[in-house]
Visitor: 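Quick one: this structure, given as structure tokens, is what I'll be asking you about.
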Protein chains: 2
Amino acid sequence: MLYYITMEHKYPFENEIRNLGLKVTGPRLKILSIFEESKSRHLSAEDVYQALKTNSSDVGMATIYRALANFEKAGILVKSTFEDGKAVFEINEGKHHDHLICIECGEVVCFVDEEIERRQKKIASKRGFTLKNHSLVLYGSCQQCESKLGT
Amino acid sequence: MLYYITMEHKYPFENEIRNLGLKVTGPRLKILSIFEESKSRHLSAEDVYQALKTNSSDVGMATIYRALANFEKAGILVKSTFEDGKAVFEINEGKHHDHLICIECGEVVCFVDEEIERRQKKIASKRGFTLKNHSLVLYGSCQQCESKLGT
DNA sequence: TTTATTGCAAAACCTTTGCATGTAT
DNA sequence: ATACATGCAAAGGTTTTGCAATAAA
């Protein structure tokens with residue numbers, strides 16, 4: 001791989017990867033670039049796989065799963081598991097948020113509610129728990145889908 | 001199956017099953033009785049399978065999954081999917097609640113917070129969504145596990 | 001050169017389904 | 001008698017792993 005010699009800043013995550021003590025490889029750069037270029041913020045392993053295939057830059061599924069797991073551990077990506085059992089990943093922008101999902105069309109909207117965050121901490125500590133993490137997902141139907149349903 | 005003739009009220013869910021238009025069968029009664037007798041409120045399909053095996057009342061996994069799905073659809077059980085991808089079921093006591101889980105020992109605590117419930121509705125409607133459902137799980141470590149970790 | 005990474009195929013998981021057998025009604 | 005339920009084994013879908021080939025450092 002010569003990218004890092006000939007075009008130092010083509011790949012924005014190059015330094016991040018290197019800082020993780022991981023080698024800067026084609027598959028890793030490609031996977032991250034999919035997240036940057038994709039219209040949908042939330043991608044499953046399969047989504048990444050298909051996007052790369054479309055790009056005619058095939059990467060094996062095993063590599064994708066391994067890369068996603070690495071990037072998550074390193075904090076470059078954040079993983080969420082929805083009720084269908086599938087995991088989706090998104091770029092970690094540092095701001096924590098939760099998700100609102102349309103059960104009809106799959107649209108995903110992010111939100112943050114400070115009051116909910118506060119109350120979660122309170123609930124945990126009242127029960128003697130040290131809160132490490134949480135998962136809040138709202139399921140409903142978006143305006144469009146709701147009106148279609150009514151028809 | 002003679003239970004319903006000879007011992008009408010041995011199985012408390014007999015009527016519920018019948019009211020669903022389902023046949024009152026041994027496996028169905030046994031599965032529900034596991035939920036009643038079990039110390040842990042939340043059981044996975046595997047948990048039920050093992051409990052029945054211990055009881056020397058073996059029931060096939062397929063039957064368990066089918067029964068759990070039926071009971072959920074009918075509102076006798078409530079299903080939750082945690083981040084490990086496993087689904088757990090619990091008896092539906094009518095009161096909605098969320099879960100607080102110890103990531104060390106697996107302890108599950110139920111809670112309800114009306115303010116969080118209200119804000120969820122608000123968040124959804126502000127974005128044009130009709131809220132159907134939600135999943136809130138807090139992950140942390142309980143007092144005991146936290147102090148063990150410190151050691 | 002040395003060590004990490006990839007890709008493939010196989011396995012691991014949890015869950016669902018087809019089908020012949022068995023059971024409730 | 002009839003329709004429904006069961007059990008087994010096979011298949012589904014997602015994710016993980018072993019291992020030989022390959023690429024980064």
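Quick caveat, the model's predicted, so the values are computed rather than measured. All chains are named by letter (A, B, ...) in the order of the sequence lines, taking the proteins before the strands, and each is independently numbered beginning at 1.
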Visitor: Is there a side-chain contact between B/Ser44 and the phosphate of C/dC14, meaning an N or O under 4.0 Å from OP1 or OP2?
Guide: no
Visitor: At what distance, to the nearest 0.5 angstrom, does CD1 of A/Ile17 lie from CG of A/Asn70?
Guide: 9.5 Å
Visitor: Is it true that A/Glu90 and A/Arg41 make a salt bridge, defined as a side-chain N closer than 4.0 Å to a carboxylate O?
Guide: yes
Visitor: Of all the choices, C/dT15, C/dT6, C/dG7, which nucleotide is nearest to the side chain of A/Val59 once you look at every atom?
Guide: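 Selected nucleotide (nearest to the side chain): C/dG7.
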Visitor: When you measure from the side-chain N and O atoms of B/Arg18 to the phosphate of C/dT25, is any distance below 4.0 Å, counting only OP1 and OP2?
Guide: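 Indeed, a polar side-chain atom of B/Arg18 lies that close.
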Visitor: Give a yes/no on whether any side-chain N or O of A/Arg66 is located under 4.0 angstrom from OP1 or OP2 of C/dT5.
Guide: no
Visitor: Indicate whether OP1 or OP2 belonging to C/dA4 is found under 4.0 Å from a side-chain N or O atom of A/Arg28.
Guide: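 Answer is no, no contact under 4.0 Å.
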Visitor: Ignoring hydrogens and angles, state whether a donor on the side chain of B/His134 or B/Asp98 is under 3.5 Å from an acceptor on the partner side chain.
Guide: yes
Visitor: What contact category does B/Ala87 fall into here, base, sugar-phosphate, or nothing, at under 4.0 angstrom with non-hydrogen atoms?
Guide: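 Answer is sugar-phosphate: B/Ala87 comes under 4.0 Å of backbone atoms only.
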Visitor: Taking CD from B/Glu83 and C1' from D/dT14, how many angstroms apart are they, rounded to a whole number?
Guide: 16 Å
Visitor: B/Lys30 has an atom NZ; how far is it from atom P of D/dT6, in whole Å?
Guide: 10 Å
Visitor: Could you tell me the separation between the CG atom of B/Leu22 and the P atom of D/dT6, rounded to a whole number of Å?
Guide: 9 Å
Visitor: Quick check for you: among C/dT6, C/dT25, C/dA9, whose closest atom lies nearest to any side-chain atom of B/Val24?
Guide: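 Within the option list, the nearest is C/dT25.
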Visitor: Identify, between B/Asp84 and B/Ala62, the residue whose nearest nucleotide on DNA chain C lies closer to the 5' end.
Guide: B/Asp84
Visitor: According to a strict under-4.0 Å criterion, is A/Tyr65 in side-chain N/O contact with OP1 or OP2 of D/dT16?
Guide: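 Result: no.
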Visitor: Report yes if at least one side-chain N or O of A/Thr63 is closer than 4.0 Å to OP1 or OP2 of C/dG7; otherwise report no.
Guide: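 Answer yes for this pair, as a side-chain N or O of A/Thr63 is under 4.0 Å from OP1 or OP2.
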Visitor: Could you state the atom-to-atom distance from CD1 of A/Ile31 to P of C/dT6 in whole Å?
Guide: 7 Å
Visitor: Answer yes or no: side-chain N or O of B/Lys23 and base N or O of C/dT23 forming a donor-acceptor pair under 3.5 Å.
Guide: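 Check fails, no donor-acceptor contact within cut-off.
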Visitor: Nearest whole angstrom, please: distance from the P of C/dA24 to the CD1 of B/Ile17.
Guide: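 Atom-to-atom, B/Ile17 to C/dA24, this comes out as 13 Å.
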Visitor: Do B/Phe111 and A/Gln120 come within less than 4.5 Å of each other through their side chains, counting heavy atoms only?
Guide: no
Visitor: Nearest whole Å is fine: how far is C/dT5 P from A/Ile64 CD1?
Guide: 16 Å
Visitor: Whole Å only: how far is the CG atom of B/Asn70 from the P atom of C/dT17?
Guide: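 The distance from CG of B/Asn70 to P of C/dT17 comes to 12 Å, rounded to the nearest Å.
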Visitor: Less than 3.5 Å apart, any donor N or O on the side chain of A/Ser141 or A/Glu146 sitting next to an acceptor on the other?
Guide: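 Indeed, the side chains of A/Ser141 and A/Glu146 share at least one donor-acceptor pair under 3.5 Å.
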Visitor: Using atom NZ of A/Lys86 as one end and atom C1' of C/dC13 as the other, report the distance to the nearest whole Å.
Guide: 17 Å
